[in-house]
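Here is how names work: the chains are called A, B, and so on, in the same order as the sequence lines, proteins then strands, and each is numbered from 1. Quantities reported herein were computed from a predicted structural model and do not represent experimental measurements.
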Amino acid sequence: MGLRGTYRERTVEYKVPKNLTFPYVFGVLALITFALQIISGTILVMYYKPVITHAFDSVNYTIMKEIDFGWLFRHIHAAGANFFLAIVYLHMFTGIYYNAYKKPRELVWIVGWLIYFTLLVTALTGYLLPWGQLSYWGTVVITEIPTSLADAPILKDFFGAIGETISMWMKGGYRLEDLALGRFFGLHVILLPLLLLGLVSIHLFLVRAAGISNPEGYEIDKEKEPEKVVPFHPYVTLKEGAIAMWYLALFFFFVFFYMHHFLPPDNFEPADPLKTPPHIAPEWYLLGFYEVFRSIPSKFWGFVAFNLILLLLLLLPFLDFSPIKSARRRPLFFVMFVVFVISCMALTILGTMSPTPTNAKLGMFFTALVFLFFLSLPVISVIEWGWYKTKGGQA
Amino acid sequence: MSTGGMVKAIFFTLLTLGFFFVIWIKNPFAHKEVYEVPEEVAGIIWDPKAVSEGRELFIQTCSSCHSVRYDGLYLLSLEAKPEWKKILRTMGKPIFEEREGKLRIKGYYLPRDVYETVAFQDLENLKASFGKVPPDLSTIYLARGPGYLYQFIMDPQKVLPGTFMPKLFLPEYDKEAPEKVAKIVAYLRSVSEPPPSEKVKRTVMGAVTVGYFLLMGFVLWFYRRRLLERMGLH
Ligand code: HEM
């Protein structure tokens, strides 16, 4: 069949639903951003030095001032990390909205969740590397979180020992020093990117195997309904290609003209273990979880709560077992989805604010709403099974 | 698209844009201290011609306590060491500067561990007098911004109560104090920011890159429309 044949088979003869909406582009945009991270990261790693006496200078002197275009690659990498997480979040919310995690795509969702988790760890480890005040203190805060297990209502010593061990393991000792920087560096530039590459490949393979979901929420029979499908190329490739170009235009606008948020001022001060900065908070993509943790008065239950949210996200396909797919056809689900999105955004924004008692109350309120979303799914599913049956088993 | 669909699409788009505006661009919920640059001196801080004078002033008034390693400035007390010049040349990397079309060596960049070893006693002496080593100021402009620096140098106690950094300019006695401080800030800015010609290059490069992708997007979009019309797919 040869290359031409393979090309035809994989692109032109591959058919996808005609009614795919704009948010279906986020997967492709995530892929592009991943490529940008690999390219810029490969350049940065040539000049970066993972030793605490040199890390800050290798980034801020060698890369930013000495190497031609070093600044460009650093800007791409730092903005890329933020865009990557933003796109992945949008991609996940799209999947939730159209219920793309349901049969036959459970595995696609589960691998996607693994990508998300690995990405969070990748960003976390990368954030320490410039060894500025934010890098250092942000990581201190994160590595202290497991020690909150010692606050457990029962078996204090047992949980305390586990928490302490995890925290020590993350820091490589009692304090964040060269050992931690070396570990974070190794993870960030070798293991985690490789893991991501593998997971992304599996994810893409599974997407192709299961077929693209549909905004209307039913599986199209490509043989019987040829009017509802279009050839992947050129119908989708050119559309998503155009959107990708505009995405890159936006991305490079930030890279060249607005790095203030992606390279925050406080991180241009070298890490100083003796000087705690006035406001330390994790990066925005972790702030929602951080707010859940921080607003619950018991550290132990705060820890349990945010881990539970991560777990529930993974279990979404099994919580929502209704046969009906897509928020377009599920009014109850639609309402809960809106509640969920607004709560996630509110928690993130609360995370940027100072921890006043009012904010803690608001944090608890939105945490409760997030849980309400997950817990409502089985209930909605049972109700919808009723509708499904009365309609004679038709979705 | 149905009206309901349209409403939903607009709702989610606005929600997303609003969220990222707050998180990435301007957060009205998070309080941040702002330090203003007084209007009289703002011109000086961004004037490339103020830089070399600012550097001289810095050497005179600040170099007894602060280094600017990224610009090859070190504690004055080091100059007294006989081996100092040789250490700079053998262990350091030259920092070049273009003047009248010629490259010349402006100073040397010393790696931090080398510097802190050579200057060990000098830094310890400062620590003994002031309770802490006055920080290297290579990236302070990026970390603090012009307003903070100006206010801080004019009156350290007012901005950072309890600090050991002395007030070095007294506007009561020296009418030129605000101007001099602004020149020092201009110098610190020049260490952190690319030189004016480089800045122009970056702006042009950015505009071309952004413009290229915008245009390519339109090209693909219209090419697709024509192609689909011909294929009868539209
Ligand atoms: C896969 C997704 C990746 C994400 C989300 C990510 C994220 C980050 C982040 C947030 C930083 C700190 C940026 C800063 O403040 O300057 C960083 C730094 C860094 N990353 Fe990555 N990265 C990724 C992939 C890679 C890869 C593949 C490499 C190399 C092979 C790499 C090499 C580096 C290096 C050397 C630094 C330190 C230099 C610097 O701080 O600018 N990264 N990364």
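Looking only at heavy-atom pairs under 4.5 Å with chain A, the residue among B:Val219, B:Ile140, B:Thr203 that has the most is B:Thr203. Among the candidates B:Leu220, B:Ile25, B:Leu142, B:Asp113, the residue making the largest number of heavy-atom pairs closer than 4.5 Å to chain A is B:Leu142. Between chain B and the options A:Met64, A:His54, A:Lys239, A:Gln133, the largest number of non-hydrogen pairs under 4.5 Å is found for A:Lys239. Ranked by heavy-atom pairs under 4.5 Å with chain B, the first of A:Ile243, A:Leu238, A:Leu350 is A:Leu238. The candidate from B:Tyr212, B:Phe29, B:Phe11 with the greatest count of non-hydrogen atom pairs under 4.5 Å with chain A is B:Phe29. Contacts with chain A were tallied for B:Met216, B:Lys93, B:Met205; B:Met205 has the most, counting heavy-atom pairs under 4.5 Å. Contacts with chain A were tallied for B:Lys132, B:Glu198, B:Arg112, B:Glu116; B:Arg112 has the most, counting heavy-atom pairs under 4.5 Å. Options B:Tyr109, B:Phe96, B:Tyr223, B:Phe20 differ in how many heavy-atom pairs under 4.5 Å they form with chain A, and the most are formed by B:Tyr109. Looking only at heavy-atom pairs under 4.5 Å with chain B, the residue among A:Ile349, A:Leu287, A:Val341, A:Thr237 that has the most is A:Ile349.
Heavy-atom distances place both the backbone and the side chain of A:Tyr61 under 4.5 Å from chain B. In this structure, no portion of A:Pro278 lies under 4.5 Å from any heavy atom of chain B. Only the side chain of A:Val338 comes within contact range of chain B, with heavy atoms under 4.5 Å apart. With a threshold of 4.5 angstrom between heavy atoms, A:Tyr97 approaches chain B through side-chain atoms but not through N, CA, C or O. Using a 4.5 Å cut-off between heavy atoms, A:Val255 makes no contact with chain B at all. Contact annotation for A:Lys49: neither backbone nor side-chain heavy atoms come within less than 4.5 Å of a heavy atom of chain B. The part of A:Ile342 that comes within reach of chain B is its side chain, from C-beta onward, which places non-hydrogen atoms under 4.5 angstrom from that chain. For a residue to count as touching a neighbouring chain, one of its non-hydrogen atoms must lie under 4.5 Å from one of that chain's; by this rule A:Leu90 touches chain B with the side chain only. With a threshold of 4.5 angstrom between heavy atoms, A:Ala86 approaches chain B through its backbone and through its side chain. Looking at A:Phe22, there are no atoms closer than 4.5 Å to chain B (heavy atoms on both sides), in backbone or side chain. With a threshold of 4.5 angstrom between heavy atoms, B:Ser138 does not approach chain A through any atom at all. Neither the backbone nor the side chain of A:Phe251 comes within contact range of chain B; no heavy atom of the residue lies under 4.5 Å from a heavy atom of that chain. There is no contact between A:Leu274 and chain B, counting heavy-atom distances below 4.5 Å. No part of A:Leu134 comes within reach of chain B, as not one of its non-hydrogen atoms sits under 4.5 angstrom from that chain. For A:Tyr89, no part lies under 4.5 angstrom from a heavy atom of chain B.
Under the 4.5 Å side-chain criterion, counting only non-hydrogen atoms from C-beta, A:Asp57 is in contact with B:Arg69. A heavy-atom distance below 4.5 Å is found between the side chains of B:Leu15 and A:Met345. Here the side chains of B:Met231 and A:Pro234 are in contact, with some heavy-atom distance below 4.5 Å.
Heavy-atom minimum distance, A:Asn82 versus B:Trp24: O-CZ2, 3.7 Å. Of all non-hydrogen atoms in B:Ile23 and A:His261, the two that sit nearest each other are O-CE1, 3.1 Å. Scanning all heavy atoms of the two residues, the minimum distance from A:Ala242 to B:Gly217 falls at CB-O, 3.5 Å. Minimum heavy-atom separation, B:Gly206 to A:Phe256: CA-CG, 3.3 Å.
Distance check: B:Arg144 CZ to A:Asp266 CG gives 7.0 Å after rounding to the nearest 0.5 Å. A distance of 4.0 Å separates CG of B:Asn27 from OG1 of A:Thr352, quoted to the nearest 0.5 Å.
Around atom CZ of B:Phe164, no more than 12 heavy atoms belonging to other residues, nucleotides or ligands sit under 6.0 Å away. Atom CZ of A:Phe69 sits in a sparse spot, with 12 or fewer heavy atoms from other residues, nucleotides or ligands closer than 6.0 Å. Within a 6.0 Å radius of CE in B:Met165, other residues, nucleotides and ligands contribute more than 12 heavy atoms. Heavy-atom neighbours of B:Arg104 CZ from other residues, nucleotides or ligands within 6.0 Å: above the threshold of 12.
B:Phe12 and A:Phe334 have perpendicular rings, their planes meeting at more than 60° on a 0 to 90° scale where under 30° would count as parallel.
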| field | Chi angles and distances behind the side-chain hydrogen bond (donor to acceptor under 3.5 Å, both in side chains) call for B:Tyr70, A:Asn60 | value | CA-CA 9 Å; B:Tyr70 290 7; A:Asn60 288 299; 4.9 Å; no

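Using a distance-only test at 3.5 Å, with no hydrogens or angles considered, a donor-acceptor pair links the side chain of A:Trp246 to the main chain of B:Leu214.
Judged by a 6.0 Å distance limit and a 45° cone about the ring axis, B:Arg224 is positioned over the six-membered ring of A:Tyr235.
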